[in-house]
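Comments concern the structure below.
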Amino acid sequence: MEFSRRSVLSVIPAATLLAVAQPLRARAAPRALPSSGQAADHALLLRNTVAVFAGTEEANARPEVAPKVAAIASTARSRLAAMDDAGPGELFAGVPLGTSDPNLSRTFQYLYEIALATRTPGASGLPDGSAVRRRVADGLVRLHDEYYGDQSKGYYGNWFNWEIGIPAHATKTLVLLGDELAAYRPDLAATYIASMDAYLRNGKDGDVDLDSRFHTGANLADITTNRILQGAVLGDDARVSKAVADQLTVFARIDPYDLRHGVTDGFYADGSFVQHASVAYTGSYGKGLLTRIVQSVKILDGTAYVPSESLVGVVQGWVAEGFAPVIFEGWMMEIVKGRAVSRTGTGYADVAAVVEAVVDLAGYATGDDAQALEGYVKYVRQTSRASLDPVTFVSPVSIARYAGILNSPAPAKDLVRRLSAHMLVGPPQSRTALSWWLALARSSDRISKYEYMSGENLMPWFQGDGAHYLYLSGQDQRQAFGVDYFTTVSPYRLAGVTAPVEDRRTVPELYGTLWYDNPGRGFTSSSESQNTYVYFPRGSHPHSGGARLGAYGSAALVLSDDVAYAAKEAGRLPDDFVAHQGARGTRSWFMLDDEIVVLSAGVTGGAGRAVTTTVDSRIAPPTAPVTVTGELHDGTPWQDAGTTPPAWLRYADAGQGTAVGYVFLSGPRPTVALDTVTRSLRGVRLSNPDTAVTKKVFTVSYELPSGAAPTAMAHAIVPNASERQLASYAGGPLSVLVNTVRVQAVKHTGLGLIAVNTFAAGVHHAERLSVDGPASVVLRRSPDGTCSIAVSDPTTGRRTVRVTLHGRALRAVSADDGVRTTHVPGGTRIDVTTHHAYGRSFTATLR
């Protein structure tokens with residue numbers, strides 16, 4: 001079932017947001033005294049907030065919610081015990097204060113957790129609530145007097161803690177202390193909020209600055225939610241109105257050709273989500289934005305600040321177009337998690353936050369929309385190999401609603417038609433989620449090659465250079481990917497990656513700090529230079545994209561240096577800044593019914609280096625019964641010690657019931673390795689536990705020695721393949737038409753399909769097709785005699801793309817806007833206006 005409101009993604013921003021935001025800004029006069037209606041709104045807002053985080057008498061009385069209530073109470077008792085045992089320079093034992101901003105933020109968090117338990121109906125085993133709340137208030141006073149109030153001593157470490165993290169905990173604590181605070185410490189709220197304004201140093205005059213690169217996307221949602229609550233605590237309608245108006249800007253889709261405030265962070269028309277200007281981030285920051293916005297909808301429910309119905313429709317669109325395509329059987333795909341791929345507890349755990357948001361959205365939806373959302377909640381639960389623990393939900397009320405949905409009559413159903421369409425997620429993200437098999441990470445001069453930051457994702461260097469993640473249906477993905485994969489698989493041999501053979505060092509190893517510290521040259525912990533060249537460098541080539549035609553698709557990538565190496569070569573970076581040259585190659589992925597065909601051409605390590613192109617890397621438990629079998633082209637069994645290239649190989653893990661086949665179409669003999677690897681989780685993230693992980697690691701790769709000439713290679717990856725199926729590719733319907741640095745093309749006679757990626761100026765030929773300039777084209781002839789074609793501009797920079805289909809003249813049966821067909825001698829010319837299309841596919845059907 002599709003959303004009846006999906007169109008809101010393109011309709012809401014221009015009209016409704018301006019209509020809502022302008023009167024809110026008009027209300028945001030300095031320190032306006034609240035009217036009786038505004039005061040009632042503030043009181044309702046505060047009650048809603050307490051209900052969101054502490055629950056209600058009705059919800060908390062349900063047996064399904066009891067574990068959450070018990071966990072809240074248990075955490076508070078633990079925090080109170082740590083408070084009793086605190087030593088000098090501590091408010092809680094083991095959390096020393098004075099030099100560590102994470103410890104200061106954690107201390108505020110602990111106070112919040114104590115206050116939360118005192119307002120949670122059903123929480124037991126705590127001392128008198130009023131006395132505990134006063135103790136929390138005394139803790140706030142001490143923190144402000146000794147560690148927070150002095151602006152000249154604060155703001156060390158990470159800006160996020162001072163502008164978002166600490167204010168989030170402190171503000172919610174002020175809300176929870178409520179009337180107790182007004183009677184016991186009546187000036188404390190105003191004192192704290194004034195300090196929080198002063199710490200908003202990336203804002204403007206102690207408020208949000210929509211032109212600040214720090215106040216975008218998920219960060220803006222966090223800041224504005226804090227300020228909404230602060231306004232309610234103070235009874236300051238101007239603050240609430242301004243914060244709501246600022247938050248409304250995150251609902252607007254990003255138009256790359258008409259940026260507002262220069263912001264590229266947020267959701268795009270196709271569902272892509274970008275944060276940090278160039279990081280594909282649905283699975284981490286996008287998840288945080290979804291959580292915060294849904295909480296805001298609940299907090300503002302019933303007040304006059306926002307007409308919520310239309311905005312809820314926008315968020316439903318985010319779920320359907322942005323989140324569902326990158327969630328596979330309850331697992332958040334690695335391609336959209338940035339540095340979070342190095343964290344423990346990701347994957348299935350990531351999706352719990354999305355499910356909670358969907359549960360809450362379903363409460364605001366009606367009819368088909370409500371049924372679709374409820375069905376998706378059930379679908380995720382049924383297909384996930386890990387049990388979703390509702391205790392991880394933020395709100396007890398959400399747990400009660402979740403239990404109700406599981407008992408509802410709505411049928412379990414995905415929001416994505418995975419078996420009938422490949423989801424080409426985002427030209428903006430340079431990410432491809434192929435139906436239900438493959439997730440592919442590409443980079444370009446628009447999207448980052450990787451994200452490293454704060455000691456997380458220490459060895460990310462090739463994650464955007466064609467790394468793929470092959471998810472097999474029914475498998476527990478914790479056994480295949482997650483942090484264990486990045487820990488035990490070499491960063492130079494991630495599945496799908498072409499990487500030079502060299503040794504690179506992590507940022508802490510290079511510079512002795514978590515960043516490159518050179519203030520004189522503009523490199524501080526959160527400077528633009530740090531972002532551009534260290535944390536999330538873009539590629540330096542524009543070609544990254546593909547075309548989609550119904551159930552089939554293509555993707556293309558030109559490997560390039562990152563911007564740091566290009567800038568270093570141009571003399572724009574300091575001598576002690578370390579940058580690395582990338583490998584070179586032109587690469588294509590063609591996604592068909594049963595296989596993914598991968599073509600590479602012009603592959604070289606550059607600078608005389610050896611280079612490795614990894615066909616696939618997979619992990620399994622150390623005792624897993626993994627086997628690798630294969631055949632040569634003459635039908636004799638493959639042996640690893642031989643020198644003849646195999647026709648195909650098959651990896652199988654009988655313990656997990658999984659298999660993947662590899663058909664070698666052309667190129668050098670692949671190398672196969674099956675090793676047992678033990679490494680520490682801390683090797684990929686400094687704050688991970690120093691826990692050893694042991695995995696059996698399978699790798700199949702092409703190894704080119706130093707000085708080798710640029711090389712071409714082609715293979716097909718066949719999920720769940722049997723040996724008989726792999727043997728059938730000999731003389732079968734699949735063939736490579738062209739594989740050069742200028743054009744790559746394949747043909748599948750069984751499907752009546754030709755797919756072409758072109759990479760250079762001039763006219764390129766592939767059987768019946770001629771393509772002018774760089775483009776991606778997929779052509780399919782149907783049994784009814786019609787031809788369907790999809791065309792895109794993977795560079796995003798062309799005004800038009802011209803394709804000629806040679807043979808009998810055809811007429812257009814249907815065509816997207818911007819597609820024009822013309823009869824020419826010997827065939828049919830198709831002209832596609834790709835200007836400002838940002839790489840999306842245009843389709844037409846011809847007869």
Under a 4.0 Å threshold between the charged nitrogen and the carboxylate oxygen, would R840 count as salt-bridged to D270?
no

Ion pair D207/R227, N-O distance below 4.0 Å:
yes

Note, Q581 side chain near P500 side chain (heavy atom, < 4.5 Å):
no

Could you check V354, V341, T282 and say which one makes a side-chain contact (heavy atoms from CB on, under 4.5 Å) with M332?
V354

Measure the [atom1]-[atom2] distance between [X] and [Y] for me, rounded to the nearest 0.5 Å.
X	Y	atom1	atom2	answer
K172	E113	NZ	CD	9.0 Å
T291	E356	OG1	CD	7.0 Å
N161	H169	CG	NE2	8.0 Å
H261	L259	NE2	CG	11.0 Å
N158	S526	CG	OG	7.5 Å

Please answer whether the main-chain N or O of [Y] pairs with a side-chain N or O of [X] as donor and acceptor at a distance below 3.5 Å.
X	Y	result
R446	R538	no
S342	R685	no
D265	A277	yes
S105	D101	no

Just checking, K153 and W162: is the charged tip under 6.0 Å from the six-membered ring centre and within 45° of the axis?
no

Salt bridge (charged side-chain N to carboxylate O under 4.0 Å, His left out), that's the test. Do D209 and R201 meet it? Break it down for me.
CA-CA 10 Å; D209 179 6; R201 297 183 185 179; over 6 Å; no

What do the steps show when you test R584 against L559 for side chain to side chain contact (heavy atoms under 4.5 Å, CB included), and what is the final call?
CA-CA 5 Å; R584 293 292 186 271; L559 295 174; 5.6 Å; no

Measure centre to centre between the rings of F267 and F273, then say whether the value is under 6.0 Å.
yes

Kindly assign one of parallel, tilted or perpendicular to the pair [X] and [Y], based on the angle between their ring planes and the thresholds 30° and 60°.
X	Y	answer
W159	F214	perpendicular
F108	Y192	perpendicular
H543	H541	tilted

Verify the distance criterion only: is there a donor paired with an acceptor across the side chains of S525 and Q530 at less than 3.5 Å?
no

Restricting to pairs with a member in residues 566-580, which pass side-chain hydrogen bond (donor to acceptor under 3.5 Å, both in side chains), not counting sequence neighbours?
Y516-D576

Exercise answer: donor-acceptor pairs, residues 481-489 side-chain atoms, under 3.5 Å, sequence neighbours excluded:
{"unit_1": "Y485", "atom_1": "OH", "unit_2": "A495", "atom_2": "N", "d": "3.0"}
{"unit_1": "T487", "atom_1": "OG1", "unit_2": "V483", "atom_2": "O", "d": "2.8"}
{"unit_1": "T488", "atom_1": "OG1", "unit_2": "D484", "atom_2": "O", "d": "2.7"}

